[in-house]
Amino acid sequence: MTSSSTVSSSITPRHQAATTALLDWYDVHRRDLPWRARHGQRPNPYHVWLSEIMLQQTTVATVKSYFARFTERWPEVADLAAADRDEVMSAWAGLGYYARARNLHAAAKRVANDHGGAFPADEDGLRQLPGVGPYTAAAIAAIAFGQRAVVVDGNIERVTARWDAVTTPLPTARPELYRIMDALTPRGEQGSRAGDFAQAMMDLGSGLCTPPRKTKNGLSQPSCMICPLMGTCAASGKAPENFPVKKAKTPRPDRHGVALVIEDQGGHIALERRRDDGMLGGLYVFPGSGWADGSPKVADYPMTSDCGGGIMLDQFGHGETLNTRVEHIFSHFRVILTIQRLRIEAKKPPLPDGLHWVDRGELAAKALPTVMVKVARAAGLIDPRD
DNA sequence: TAGGCGTGGGC
DNA sequence: TGCCCAAGCCT
């Protein structure tokens with residue numbers, strides 16, 4: 001370990017003061033969250049893992065109800081592993097980033113079948129599970145197993161960038177921010193508190209060292225005056241809201257398309273189950289056109305996608321076009337959908353591959369992404385409140 | 001390595 | 001309203 005002396009020499013009294021101050025603060029101000037062990041209790045690795053997956057790019061407030069439903073329905077990882085994947089997808093519906101749900105189920109099965117139901121207790125082992133990346137592996141190792149791991153998420157990037165007034169823009173600054181967190185994370189006999197320290201940094205980032213928001217009077221300010229790191233922070237009193245510096249983002253384009261609401265004589269709706277890879281993988285959607293960049297003219301969007309829209313129109317006619325359109329914003333584009341409604345004079349006629357008849361009453365229980373829930377609402381298929 | 005991948009909330 | 005943000009991972 002040639003680096004140990006280098007690392008040690010980069011740890012100053014300022015670092016040590018910050019580490020101690022933050023751990024002391026956490027002992028008093030830690031948030032009480034459903035997946036956190038109470039003080040003095042042993043953490044539940046299944047709960048820690050499940051919450052960490054759900055919390056990826058998702059707020060605590062949103063996760064709480066999903067976490068409660070999952071742990072109620074599947075109390076142990078073996079229960080989740082034994083569930084049908086469709087049930088898991090349906091329970092996840094609305095939470096977004098559905099690859100997380102597919103990976104969640106795959107990882108549960110691997111833990112149950114290959115590890116006898118026990119999660120790997122170190123970063124390398126955890127990292128092998130699908131859906132567990134560098135952040136999540138470090139977080140679980142530290143929080144659930146008391147390992148000294150260096151945990152860096154978006155909150156911690158912000159706190160460390162401010163604490164050292166890092167001017168390098170993200171994502172280039174990542175390695176630098178990791179080194180700062182490494183230098184701050186408790187070592188030696190205190191190394192077992194790495195999990196507390198990481199959670200303390202996240203609580204700090206969530207509650208005090210908050211991200212900037214545009215207001216009438218410029219950017220909102222973090223709560224430096226009550227921050228345990230105020231005395232050691234390089235940005236305190238020097239416009240901390242300007243950190244971290246970020247590289248400019250690419251703009252979000254518009255896409256247009258058609259969704260087909262096809263109903264038979266018996267109150268069944270034709271839905272397509274999307275293939276596992278790619279956007280909305282494994283979820284149910286209304287068939288239709290692809291979503292193309294550019295022109296908003298409906299006629300420009302032939303039904304040539306893999307959803308069988310063209311076959312449906314040839315077979316059953318074009319129906320009526322609804323006046324209501326549906327708009328939905330994804331992370332990297334906005335889509336505007338025109339709805340065509342087709343009523344078929346038959347009961348459950350054969351459908352192309354990949355399409356299925358679904359009872360109208362069971363629509364709400366299916367794993368529909370939010371954009372398709374909007375379509376179902378606009379077409380009057382489900383209650384507006386569902 | 002930069003872009004794909006959801007959704008809800010705040011202002 | 002439009003834009004930004006939130007406990008990232010994968011390719």
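Below, chains carry the letters A, B, ... as their sequence lines are ordered, and counting in each starts from 1.
- Of all heavy-atom pairs spanning A:Ala142 and A:Ala194, the tightest one is CB-C, 4.1 Å.
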Q. Using a cut-off of 4.0 Å between protein heavy atoms and nucleotide atoms, how would you tag nucleotides 1-8 of chain B 5' to 3' with B, S and -?
A. ---SBBBS
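- Classification of the A:Phe67-A:His47 ring pair by plane angle, with boundaries at 30° and 60°, yields perpendicular.
- For the P atom pair drawn from B:dG6 and C:dT11, the interatomic distance equals 14 Å after rounding to whole Å.
- Remark: P of C:dC10 and CG of A:Leu129 are 10 Å apart, rounded to the nearest angstrom.
- Computed from coordinates, the A:Asp276 CG to C:dC10 P distance equals 16 Å when rounded to whole Å.
- Note on A:Ser220: every side-chain N or O is 4.0 Å or more away from OP1 and OP2 of B:dC11.
- Comparing B:dC5 with C:dG2, their P atoms are spaced 23 Å from each other, to the whole Å.
- One finds a side-chain N or O of A:Arg127 lying less than 4.0 angstrom from the OP1 or OP2 phosphate oxygen of C:dC10.
- Among the atoms of the strands shown, base atoms are found under 4.0 Å from some heavy atom of A:Trp35.
- Protein atom CH2 of A:Trp49 is 17 Å distant from nucleotide atom P of C:dG8, rounded to whole Å.
- Nucleotide C:dC9 holds its C1' atom 9 Å from the CD1 atom of A:Ile53, rounded to whole Å.
- Identified under the side-chain hydrogen bond (donor to acceptor under 3.5 Å, both in side chains) test for residues 193-212 of chain A, with sequence neighbours left out: A:Asp27-A:Arg193, A:Arg31-A:Asp203, A:Arg31-A:Ser206, A:Arg36-A:Gln199, A:Arg36-A:Asp203, A:Arg193-A:Asp196.
- One C1' atom belongs to B:dT1, the other to C:dA6, and the distance between them is 23 Å to the nearest Å.
- Of the possible polar contacts, one joining the A:Lys374 side chain to the A:Glu327 backbone as a donor-acceptor pair under 3.5 Å is found.
- Between A:Ala137 and A:Glu327, it is A:Glu327 whose nearest contact on DNA chain C lies nearer the 5' terminus.
- Between A:His328 and A:Phe330, the ring planes are perpendicular. Angles over 60° get that label, and only those under 30° would be called parallel.
- At a threshold of 4.0 Å, the pair A:Arg334-A:Asp254 counts as salt-bridged, since one of the basic side-chain nitrogens sits closer than that to a carboxylate oxygen.
- Contacts of A:Thr136 with the nucleic acid, taken as non-hydrogen atoms under 4.0 Å apart, involve only primed sugar atoms and P, OP1 or OP2.
- At least one donor-acceptor pair closer than 3.5 Å links the side chain of A:Arg148 to the backbone N or O of A:Thr185.
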